[in-house]
Each structure stands twice: as C-alpha cells, then as structure tokens.
Amino acid sequence: MEQFFDLHDVQHTQKVHIAYLYLEPNKLVWYQWLCSRKALVTWIIIMEELIPHYEDTKRSTFFSQMINIK
C-alpha cells in the first residue's frame with residue numbers, strides 16, 4: 001500500500017479511505033472493531049495496529065518464504 005500511495009502521491013488524509021476499499025472480509029471486521037475503539041483512525045494508527053496483528057513472522061522474509069516452498 002505504501003508503494004501505491006507513493007506512486008500516486010496520495011495525501012495522508014486519504015490513505016485510510018483508500019485502504020478501506022481493499023480490505024479483505026476478515027480485515028474489514030478488524031477495521032470496524034478498531035473504529036469502535038478509536039475516535040479517529042489515522043493511517044499511522046492502522047499501521048501500528050494492523051501489522052502486528054496480521055503479520056506472519058514465519059513468512060516475512062524472502063529467505064523464509066523460499067524455505068517454506070513445497
């Protein structure tokens with residue numbers, strides 16, 4: 001998403017709205033839950049909350065992905 005935003009020169013205030021459009025169903029439920037907890041959801045808040053919650057540490061590097069190829 002960050003690369004997309006940089007390429008299209010997306011304003012910081014629009015990032016949340018654009019990302020929302022691309023959320024998968026399970027992450028959409030997570031986003032709605034986040035909105036119920038926070039008065040204002042910014043891109044920084046999403047990145048701070050989303051990455052640790054959904055990051056797959058076993059597959060986060062190219063090397064580890066190569067090891068897991070079956």
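Quick note: residue numbers are just sequence positions, from 1.
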_side-chain contact (heavy atoms from CB on, under 4.5 Å), that's the test. Do W30 and L23 meet it? Break it down for me._
CA-CA 10 Å; W30 171 85; L23 289 176; 5.7 Å; no
*Which is it for M1 and I18 under the side-chain contact (heavy atoms from CB on, under 4.5 Å) test, yes or no, and what are the steps along the way?*
CA-CA 9 Å; M1 288 303 296; I18 293 170; 4.3 Å; yes
*What pairs of residues pass the salt bridge (Lys or Arg N to Asp or Glu O under 4.0 Å) test when at least one of them lies in residues 3-19, not counting sequence neighbours?*
E2-K15
*Transitively linked via ILVMFWY side-chain contacts under 4.5 Å: Y22 with V10?*
yes
*By side chain to side chain contact (heavy atoms under 4.5 Å, CB included), which residues pair with Q3, not counting sequence neighbours?*
none
*Taking side-chain hydrogen bond (donor to acceptor under 3.5 Å, both in side chains) as the test, write out the residues that go with Q11, two or more places apart.*
none
*When rounded to the nearest 0.5 angstrom, what distance separates OH in Y20 from CD in Q14?*
15.0 Å
*Can you sort out the partners of H17 under ring pair (Phe, Tyr, Trp, His ring centres under 6.0 Å), two or more places apart, ordered by chain and number?*
none
_Heavy-atom check, side chain of I44 versus side chain of H12, under 4.5 Å_ = yes
*Grab the two heavy atoms, one from W43 and one from A19, that are nearest each other, plus how far apart they are.*
CZ3-CB, 3.5 Å
Could you list the donor-acceptor pairs under 3.5 angstrom formed between side-chain atoms of residues 31-42 and any protein atom two or more places apart in sequence or on another chain?
{"unit_1": "S36", "atom_1": "OG", "unit_2": "W33", "atom_2": "O", "d": "2.6"}
{"unit_1": "T42", "atom_1": "OG1", "unit_2": "I45", "atom_2": "N", "d": "3.2"}

*asked:* Between V29 and L21, is there shared hydrophobic-cluster membership here, with clusters defined by ILVMFWY side-chain heavy atoms closer than 4.5 Å?
replied: no
